[in-house]
Amino acid sequence: MNFEILGNINSPEDVKKLNNEQLKTLCSEIRECIIDTVSKNGGHLASNLGSVELTVALHRAFNSPQDAIIFDVGHQCYTHKLLTGRFERFSSLRTEGGISGFMRPSESEHDPIITGHSSNSISAAYGIYRAKRLTNQNGSAVAVIGDGALTGGMAYEALNNVGNDKSNFIVVLNDNKMSISSNVGALSRSLTKMRNKPKYHNFKFALSKFLQKLPLIGKALYSFVFKFKEVIKGFIYKNNFFTSLGFNYLGPVDGHDIGALEELFKIAQSYNRPSLIHVITTKGKGYSYAETSPKNYHGVSPFDIDEGAKFGDKLTYSDIAGNTLCEMANTDPTICAITAAMTSGTGLSPFAEKYSDRFFDVGIAEQHAVTFCAGLKKGGMKPYFAVYSSFLQRGFDQIIHDCAIENLPVCFLIDRAGIVGEDGETHQGLFDVSYLSLIPNVEIFSPCYFDELEFYIKKSAVSSTVTAIRYPRGCESGDRPNYQIGNEFDVIKGDGKNAILTYGRLFTEALKAQKDGGFDIIKLNKIYPLSDELIKTLTKYQNIQIFEETVKNGGIGEHIVSILYNNGFENKVQIHAIENKFIAGASIESALKNNGLCADTMLRSING
């Protein structure tokens, strides 16, 4: 492909030198590059295509890295990467050893802070901004947050804090009318109301250009008019949520008009109070498939550009979870499903359609979701919160305080448990076992196969305690051995002297190794609390190798070893898990192999 302009962009300074026609060509080339790369590597497509002009305008109006630009979540940072010296490496996006799909300070000085989870950009940018003022550094900080991320409570905490400041701190609200799932709540309705008042802003931009062209008096008149317009604007937007917090509200502005965006950014820099710039963009812009179906093209696997991405070819664990809840809800009117802006990602789309009155998308607000579930249970319902492992971390306090202390039978369907692949450190589901197993009144299950997942979800409907059911990303693999579902653990017989103990997806790796090793496999189904029967069974073995697709610290292996040695166990026992580190992006298969969680390592551990 011929990237005549993009290929010569080595830093944001190069972007500032381009004329209007060159900027249009640059944006077209950026979209072509993003579509081509994501079609090969997978990644976040629709959000990045929608924020091309916005990012170009940011880098023309501000001076990165002196001015820190933080993209919330990072779903919209691909253009930023292309404009900050990473064009030559962009083909390695989301590959092992390549550049990340999110902002990473280790990659570039233009990435001020790591991103991956939502709603933290305003807090981080404001912290950087205040630090620059306190240390007399030049530059500023800008938070770019989507309307989806603005449903997260942390964003409101930051807005409330920033609004008291007398500074020109800037928040850019990229409003594309949806996050991953369609946006919900009062804020979404408020933004829709604002989007329906564009005439005032069109007039404002036309007037500003006219005034500044007037000889002699132009600049002075421009300054007077735009101070006076604050009074007028306050009247027009007297119920504006952001102005009530102390922000100067600018917009809405066309997020694909680079000139209008630049002008608004410069206006915001001239104020002595914080500004929120409301930008309207089209998610998926420039690629017809993504424009017409932005929800499906939020995050995609590799696809054919001409034919578009294929969805739903194979059943996943998420599908099984959603379908099971639908089956249960058909006969039990107390079954409720809750998601934090991940309806399709957690397999709940069928439930949302069939049982809309018992389906709750609370926005990107995991803390609220957990406590909301506690309230539903107290009111007589049976709540199921389907959530990615890496996102449930945000609700840790609420699990303890609002669910476990009172021993409320709330069920957490923990999707994407274990290694998730190319999304990398911020999305790996490696910590749920450790932090859930230290909380009293919590039972944790880790099924390996679809029918087991269905069984434990149905079983949880009659549970008397907090239940967590964790399962991996993707599809079922391998054939299930012939054993009865429902035991707390199962023993797949071998030599009776050596054993590999594991659970979840790694059980299929153990089965592969057993073909050449002849050892027993201890398959945990209920992984915590550990039963006395399990410990009694383990004491019979001369050599126990424990494999976990989670962090070693606080994992099931450490619990088992502690109990065994406290009971006088003197034979060999060894834990194989993720050491105290974060796992970078790579394919699931490669990540498991690189961390010694595969059949080959299992076989060597038994024979060693």
Side-chain angles (χ1 to χ4, degrees), residues 317-318 320-340 342 346-348 351-352 355 357-362 365-389 391-415 417 432-447 451-471 485-489 503-504 524-531 556:
Y317 289 97
S318 305
I320 297 301
N323 293 341
T324 302
L325 287 181
C326 282
E327 181 184 344
M328 295 165 65
N330 186 47
T331 57
D332 186 346
T334 67
I335 298 292
C336 294
I338 297 89
T339 182
M342 298 297 293
T346 56
L348 293 182
F351 193 102
Y355 306 102
D357 59 327
R358 289 184 272 155
F359 171 75
F360 304 95
D361 183 346
V362 301
E366 292 84 2
Q367 292 174 303
H368 162 61
V370 174
T371 303
F372 177 59
C373 287
L376 284 170
K377 184 59 191 177
K378 291 288 285 187
M381 304 302 288
K382 295 176 183 175
Y384 287 80
F385 179 25
V387 57
Y388 289 5
S389 171
F391 299 157
L392 183 60
Q393 295 162 187
R394 294 183 156 201
F396 177 66
D397 176 66
Q398 286 70 28
I399 296 172
I400 295 174
H401 184 276
D402 301 322
C403 297
I405 289 178
E406 208 170 337
N407 200 18
L408 295 177
V410 170
C411 183
F412 299 102
L413 300 179
I414 305 177
D415 205 328
D432 58 272
V433 169
S434 293
Y435 68 74
L436 288 173
S437 65
L438 62 83
I439 304 174
N441 298 330
V442 175
E443 290 186 338
I444 312 172
F445 297 86
S446 187
D451 56 356
E452 291 179 328
L453 175 58
E454 180 180 354
F455 174 85
Y456 287 110
I457 292 176
K458 290 179 177 178
K459 179 181 178 181
S460 68
V462 294
S463 175
S464 58
T465 192
V466 179
T467 301
I469 304 172
R470 61 189 312 270
Y471 43 94
I485 298 176
N487 298 321
E488 292 193 357
F489 67 94
Y503 55 89
L524 299 187
N525 302 309
K526 179 181 178 180
I527 64 174
Y528 201 81
L530 302 167
S531 68
I556 300 305

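Between the side chain of Arg470 and the backbone N or O of Phe445, no donor-acceptor pair lies under 3.5 Å.
Counting all heavy atoms, side chain and backbone alike, Asp357 lies closest to Phe360 at O-CZ, 3.8 Å. The heavy-atom pair separating Phe396 from Ile439 by the smallest distance is CE1-CD1, 3.7 Å. Across all their heavy atoms, Leu376 and Cys336 have their closest contact at CD1-CB, 4.4 Å. Ile469 and Pro447 get closest at one heavy-atom pair: CG2-CD, 3.9 Å. Contact between Leu436 and Ile399 at its shortest, heavy atoms only, is CD2-CD1, 4.0 Å.
Counting only N and O atoms by type, the side chains of Thr346 and Asp415 include no donor and acceptor under 3.5 Å apart. Side-chain contact of Thr465 with Asn441: a donor-acceptor pair under 3.5 Å is absent, judged by distance alone. A donor-acceptor contact closer than 3.5 angstrom links the side chains of Ser460 and Tyr384.
Side-chain contact check for Phe385 versus Leu392: some heavy-atom pair is nearer than 4.5 Å. In this structure the side chain of Gln393 reaches within 4.5 angstrom of the side chain of Tyr435, judged on heavy atoms. At a threshold of 4.5 Å between non-hydrogen side-chain atoms, the residues Ile556 and Tyr503 count as touching. By the 4.5 Å heavy-atom criterion applied to side chains, Leu453 and Thr324 are not counted as neighbours. Between Ile457 and Leu325, the closest side-chain pair of non-hydrogen atoms falls below 4.5 Å.
Between Phe351 and Tyr355, the ring planes are tilted. Angles from 30° to 60° get that label.
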